[in-house]
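To start, the structure itself, in structure tokens.
These values consider heavy atoms only, across backbone and side chains, with no hydrogens, waters or symmetry-generated copies. Quantities reported herein were computed from a predicted structural model and do not represent experimental measurements.
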Amino acid sequence: MVLPSDHDDFFTPRCIWVNGPVIVGAGPSGLAVAACLKEQSVPFVILEKADCIASLWQRRTYDRLKLHLPKQFCQLPKFPFPEDYPEYPSKKQFIDYLESYAQHFDIKPRFNECVQSAKYDETCGLWCVKSCSIKGIDKGVNSEVEYISQWLVVATGENAESVVPEIEGLNEFGGRVIHACDYKSGKDFKGKRVLVVGCGNSGMEVSLDLCNHNAFPSMVVRSSVHVLPREVFGKSTFRIATFLMKWLPLWLVDKLLLILTWLVLGNIERFGLRRPSMGPLHFKNTNGKTPVLDIGALHKIKTGGIKLVPGIKRFSRGRVDLVDGNHLYFDSVVLATGYRSNVPSWLQESDLFSQNGLPKQPFPNGWKGKSGLYAAGFTRKGLSGASLDATRIADDIGQVWKEETRLKKRFIACNGRFISQF
């Protein structure tokens, strides 16, 4: 990037010029983009609010978590999982893989950097990313830094912030109330009556873990949900769906998945789990809700280990009033109510991202915006979608980078200005 001389005062002592893109977020998506850029010799700066990579996995997931999809669909670009890893790696194994990934590509994020805002300067044609050091904030020190770059890659992900719903009387409950991001193990709830609010993958797995640790979980099922077996006759359901999608229309794949599910799980609606009218893949594409891949919770529901209850009307002291008029008593509440993007809180733009913090254009067209803005990991396609984004972003930036590098070799610096050398 060649800067004209009339913008020499654009830089202040607290400005840092990044001779490449700024990547916000050092989760799997940010790491994947960084690795792909490394392969093309494109420099970058990666900013991370936490003090570690993949903070969602390291700090905000429960102990028993495993990848729900086979490892082949979850590995990042240019670096496969170790061959001795199981089909569904554990939380620790996945974190170890990410650490090895960062080490292999020599990715060194700037940790404890909380991005306050990012704005495109039309005059200069550059992005200004304002960040504060978490340590500086804690000490009351002004530690704001502005990173100036031609490109900005948003890689903070779809699950940056936990969603805590407003439920009447929740503050009056009196017992322990936590979000699933703070839940670690059911051993902390042994012998307790626990209400799990939410019946997605997290709600199901938390309920199963509570049951396995001799707690007494009840799970709120407020709306319809697709529950699929993780495997069908020894084959990954996701792998089967991916294969079928190559040859058949989506509506037919949905039909076949539901038939296979009925053969393996039976009629789950008689246990209180209503299916949406749309098929599982159509429902995900339309509403963004991922089907639940059952790993044992359904058996506990069938045998009464996990109770199902309807929606909540209100909380009171140790008690929950349900929408069907009944009331139950609990010791603790776990809110498995999901996560959301935090992009609207810091990114000042309106073309690529919508108000919910996700790209306006559906997959596969939501990875690139205007003026050097990119989105990685917002595909609703998990880690495979993030990997595809990373490859596209690096190729797009790399193409421009190589052309500009070629042109820069035709310039020399003189007295703080750039003059042509033809």
Side-chain angles (χ1 to χ4, degrees), residues 62-69 87-88 180 183 185-187 189-241 254-281 283-284 289-312 320 322-338:
Y62 37 89
D63 296 341
R64 64 161 288 132
L65 180 63
K66 292 185 178 181
L67 293 179
H68 286 173
L69 304 181
E87 185 80 344
Y88 302 96
Y183 177 93
S185 170
K187 65 183 180 182
F189 299 88
K190 182 178 180 180
K192 302 293 185 180
R193 297 163 299 174
V194 185
L195 181 66
V196 179
V197 182
C199 59
N201 278 296
S202 293
M204 288 280 191
E205 195 158 356
V206 166
S207 297
L208 175 62
D209 190 54
L210 287 165
C211 197
N212 289 340
H213 284 89
N214 299 314
F216 302 99
S218 294
M219 186 170 60
V220 175
V221 182
R222 190 180 60 176
S223 57
S224 56
V225 59
H226 275 297
V227 180
L228 308 180
R230 185 171 70 173
E231 294 183 341
V232 176
F233 307 129
K235 300 293 184 180
S236 161
T237 303
F238 182 81
R239 190 189 300 274
I240 293 171
D254 270 342
K255 290 279 188 184
L256 293 174
L257 286 178
L258 290 176
I259 292 172
L260 292 173
T261 297
W262 186 86
L263 290 173
V264 176
L265 301 181
N267 180 15
I268 67 171
E269 294 200 0
R270 63 194 180 97
F271 299 104
L273 293 168
R274 295 180 294 107
R275 289 196 181 279
S277 57
M278 297 180 186
L281 299 181
F283 192 66
K284 176 176 172 55
K289 294 185 178 180
T290 303
V292 172
L293 294 178
D294 179 57
I295 56 173
L298 188 58
H299 174 72
K300 297 295 185 181
I301 292 171
K302 292 178 178 179
T303 57
I306 299 174
K307 308 291 184 182
L308 300 185
V309 300
I312 300 167
V320 178
L322 305 173
V323 294
D324 63 359
N326 292 321
H327 60 265
L328 298 171
Y329 295 90
F330 293 96
D331 303 300
S332 303
V333 176
V334 178
L335 299 171
T337 45

If every non-hydrogen atom of [X] is compared with every non-hydrogen atom of [Y], which pair is closest and at what distance?
| X | Y | result |
| --- | --- | --- |
| D324 | P310 | OD2-CG, 3.4 Å |
| E205 | R64 | OE2-NE, 3.2 Å |
| S185 | D63 | CB-OD2, 3.7 Å |
| V194 | F330 | C-CD2, 3.7 Å |
| L265 | L228 | CD1-C, 4.0 Å |
| G305 | P217 | O-CD, 3.7 Å |

So, [X] side chain and [Y] main chain: donor-acceptor pair closer than 3.5 Å or not?
| X | Y | result |
| --- | --- | --- |
| D254 | L281 | yes |
| S218 | L195 | no |
| D209 | G186 | yes |
| D294 | A297 | yes |
| T237 | P229 | yes |
| R230 | F238 | no |

Worked check of side chain to side chain contact (heavy atoms under 4.5 Å, CB included) between H68 and T290: CA-CA 11 Å; H68 286 173; T290 303; over 6 Å; no
K302, NZ: over 12 other non-hydrogen atoms inside 6.0 angstrom: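 Count over threshold, so yes.
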Whether over 12 other heavy atoms sit under 6.0 Å from K284 NZ: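 Yes.
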Compare all side-chain heavy atoms of [X] with those of [Y] and state whether any distance is below 4.5 angstrom.
| X | Y | answer |
| --- | --- | --- |
| P291 | F283 | no |
| L263 | V232 | no |
| R193 | L328 | no |

Chi angles and distances behind the side chain to side chain contact (heavy atoms under 4.5 Å, CB included) call for R222, V323: CA-CA 10 Å; R222 190 180 60 176; V323 294; over 6 Å; no
Rounded to the nearest 0.5 Å, what separation is found between the [atom1] atom of [X] and the [atom2] atom of [Y]?
| X | Y | atom1 | atom2 | result |
| --- | --- | --- | --- | --- |
| S224 | K289 | OG | NZ | 7.0 Å |
| H327 | I312 | NE2 | CD1 | 15.0 Å |
| E231 | R239 | CD | CZ | 9.5 Å |
| L308 | C199 | CG | SG | 8.5 Å |
| F233 | L260 | CZ | CG | 6.5 Å |
| T261 | I268 | OG1 | CD1 | 8.0 Å |

Candidate pair L273 and L298, rule side chain to side chain contact (heavy atoms under 4.5 Å, CB included), full reasoning: CA-CA 10 Å; L273 293 168; L298 188 58; 3.7 Å; yes
Side chain to side chain contact (heavy atoms under 4.5 Å, CB included) between H226 and R275, intermediate numbers included: CA-CA 5 Å; H226 275 297; R275 289 196 181 279; 3.3 Å; yes
Aromatic plane relationship, Y183 with F189 - under 30° parallel, 30 to 60° tilted, over 60° perpendicular: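 It falls in the parallel class, under 30°.
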